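Report on one structure; see the data block that follows.
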Amino acid sequence: MTGSAPDLVTMGESMGLFFAPLGMPLVSGPAFHLSFGGAESNVAIGLARLGHDALWVGRLGDDEIGRYIERELRAEGVRTRGLTGPTHTGMMVRAQRGFGRSSVQYARLGSAGAQLAVEDLPLDEIRSARILHLTGITAALGDGPHQALVAAAHAAHDAGVLVSLDLNYRATLWSAEEAGPALRELTELSHLVFATAGEAQVLLGDAHDGGDDAAYAHRIAALGPAEVVVKRGADGALSLVDGEVFEQNVTAVVERDPVGAGDAFAAGYLHGVLVGSAPQDRLDFAGRVAAHSVTLPGDWEGLPRLADLDVGGPDILR
């Protein structure tokens, strides 16, 4: 599909991922499994597996890990603008802990992905795409990536392209005080916003915990988005679409690896947007995609294809 207008353009950092198979703790000295991860590339893979044309833009180092990531993305059917960066590809190590918990250590300081800049933007593809999907993680990587996101959002917004934003706040990358204004600027340029209640508090400048999820959705929508999704983990999600609230019908599964569930949910929801499904259908379908993803290990390996979810029923599967 090279040269055609993509269904989705997304941009961000993808890093090499090392983790022990079967959830073994690192102190036991297991062999490592090599994979990769990144919120935006996870969403791109998710949509490619669901039958869409996705373009991922990001900087990768001129090294083995960078070449591996670009090769794997292409193998998954994702078009890439993997621009060679001046430094190394970032890496992360995921360790399994007790009670189903995991921890991640990052080696991303000065990484190629953090060098993303406005001049890297494929403006023709952004203006011709159906959706531009952004996340707050990329905005947190530094001034260059932040300005690139703002420029991309303006280009898409001005061209009538749907701008999707997953707040994806990471306290290890920036403070709530730093993140709030930046995320509000992007939210005002977005048609669709994904958030957790905690991320809504960062966006809105709330200093206290608690609050009603529907109220958070309405307050985010007051900033401009016509559509807001508040994610609640295993408890599902709710959406606010043109002023109407929808509650997800939760798909119950035995969770094996929760990492990447939010990206899987976003991919499923954006699929629903692309095929024009009803708000309730796309919310429920997103939940099924996320549920499928957590039953298998890896950041993106458990993302389903339509055949994996073909249980009959709504037009969302067609």
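Along the sequence shown, residues carry numbers from 1. None of these values were measured; they are calculated from a predicted model.
No path of Ile, Leu, Val, Met, Phe, Trp and Tyr side chains, each step under 4.5 Å between heavy atoms, connects Leu189 with Val193, placing them in separate hydrophobic clusters. The same ILVMFWY cluster, assembled from side-chain heavy atoms under 4.5 Å apart, contains both Leu283 and Leu274. With hydrophobic clusters built from ILVMFWY side chains whose heavy atoms lie under 4.5 angstrom apart, Val150 shares a cluster with Ile126. In this structure, Val43 is a member of the same hydrophobic cluster as Leu192, with clusters built from ILVMFWY side-chain heavy atoms closer than 4.5 Å. Under the 4.5 Å side-chain heavy-atom criterion for grouping Ile, Leu, Val, Met, Phe, Trp and Tyr, Tyr68 is connected to Phe18 within one hydrophobic cluster.
Side-chain N or O atoms of Thr87 include one that pairs as donor or acceptor with a backbone N or O of Gly110 at under 3.5 Å. Listed for the Glu244 side chain is no donor-acceptor partner under 3.5 Å among the backbone atoms of Leu240. Between the side chain of Tyr216 and the backbone N or O of Val230, no donor-acceptor pair lies under 3.5 Å. Using a distance-only test at 3.5 Å, with no hydrogens or angles considered, no donor-acceptor pair links the side chain of Glu185 to the main chain of Ala182. Side-chain N or O atoms of Arg59 include one that pairs as donor or acceptor with a backbone N or O of Thr84 at under 3.5 Å. Under the 3.5 Å distance criterion, the side-chain polar atoms of Tyr169 are left unmatched by any main-chain donor or acceptor of Gly180. Side chain of Thr196 to main chain of Glu199: a donor-acceptor pair is present (N/O by atom type, distance under 3.5 Å, no hydrogens or angles). A distance-only check finds a donor-acceptor pair linking the side chain of Asp284 to the backbone of Asn249 [under 3.5 Å]. Side-chain atoms of Asp120 do not come within 3.5 Å of backbone N or O of Leu116 as any donor-acceptor pair. A distance-only check finds a donor-acceptor pair linking the side chain of Arg49 to the backbone of Leu303 [under 3.5 Å].
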Practice problem: Verify salt bridge (Lys or Arg N to Asp or Glu O under 4.0 Å) between Arg79 and Glu125, making sure each step is shown before the conclusion. | Solution: CA-CA 11 Å; Arg79 280 200 260 166; Glu125 284 93 340; 5.2 Å; no
Practice problem: Report the C-alpha distance between Val57 and Leu121 in whole Å, list the side-chain angles of each, state the deciding distance to 0.1 Å, and finish with yes or no for side-chain contact (heavy atoms from CB on, under 4.5 Å). | Solution: CA-CA 8 Å; Val57 181; Leu121 297 179; 5.8 Å; no
Quiz item: Can you list the steps and then say if Glu227 with Tyr269 is a side chain to side chain donor-acceptor pair (under 3.5 Å)?
Solution: CA-CA 11 Å; Glu227 195 159 348; Tyr269 198 91; 2.4 Å; yes
Quiz prompt | Intermediate values then yes/no, side-chain contact (heavy atoms from CB on, under 4.5 Å), Arg130 and Leu8 | solution = CA-CA 6 Å; Arg130 297 178 64 189; Leu8 175 102; over 6 Å; no
Quiz item: Could you walk me through whether Val202 and Leu167 pass the side-chain contact (heavy atoms from CB on, under 4.5 Å) check?
Solution: CA-CA 9 Å; Val202 172; Leu167 296 186; over 6 Å; no
Quiz item: Can you check side-chain contact (heavy atoms from CB on, under 4.5 Å) on Lys231 and Phe265, steps first, answer last?
Solution: CA-CA 9 Å; Lys231 300 178 290 183; Phe265 183 94; 4.1 Å; yes
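For the pair Gln105 and Arg94, the minimum side-chain heavy-atom distance is 4.5 Å or more. Annotation: side chain of Val228 is not in contact with side chain of Phe194 (no heavy-atom distance under 4.5 Å). Here the side chains of Val241 and Phe246 are in contact, with some heavy-atom distance below 4.5 Å. The shortest side-chain heavy-atom distance between Leu83 and Leu60 does not fall under the 4.5 Å cut-off. For the pair His191/Pro225, no side-chain contact is recorded, criterion being any heavy-atom separation below 4.5 Å from C-beta on. At a threshold of 4.5 Å between non-hydrogen side-chain atoms, the residues Asp263 and Trp300 do not count as touching.
Between Asp213 and Arg232, at least one side-chain nitrogen of the basic residue sits less than 4.0 Å from a carboxylate oxygen of the acidic one, meeting the salt-bridge criterion. The pair Asp206-Arg219 meets the salt-bridge criterion, since a charged nitrogen lies less than 4.0 angstrom from a carboxylate oxygen. Here Glu70 pairs with Arg74 in a salt bridge; the nearest charged N to carboxylate O distance falls below 4.0 Å.
For the side-chain hydrogen bond (donor to acceptor under 3.5 Å, both in side chains) condition, the pairs that include at least one residue of residues 146-164, sequence neighbours left out, are His133-Ser164.
Of the inter-residue distances, the one linking Phe36 atom CZ with Arg71 atom CZ reads 10.5 Å to the nearest 0.5 angstrom. Residue Leu238 holds its CG atom at 5.0 Å from CD of Glu247, rounded to the nearest 0.5 Å. Put simply, CG on Asp308 and OG on Ser293 are 12.0 Å apart, with the number rounded to the nearest 0.5 Å. Atoms CG and OG1, on Asp63 and Thr89 in that order, are 3.5 Å from each other to the nearest 0.5 Å. For the atom pair Asp7 CG and Leu270 CG, the distance stands at 11.0 Å (nearest 0.5 Å). Between the CG atom in Leu47 and the CG atom in Leu55 there is a gap of 12.5 Å [rounded to 0.5 Å].
Judged as a side chain to side chain contact (heavy atoms under 4.5 Å, CB included), and not counting sequence neighbours, the contacts of Arg67 are Asp62, Glu64. Every residue meeting the salt bridge (Lys or Arg N to Asp or Glu O under 4.0 Å) condition with Arg108, not counting sequence neighbours, appears here in chain and number order: Glu13.
When ring centroids are compared, His271 and Phe285 come within the 6.0 Å threshold.
Applying the side-chain contact (heavy atoms from CB on, under 4.5 Å) test between Leu165 and each of Leu203, Leu132, Leu149, Leu186 identifies Leu186 as the sole match.
Neither side chain, Thr135 nor Asp166, offers a donor N or O lying under 3.5 Å from an acceptor on the other.
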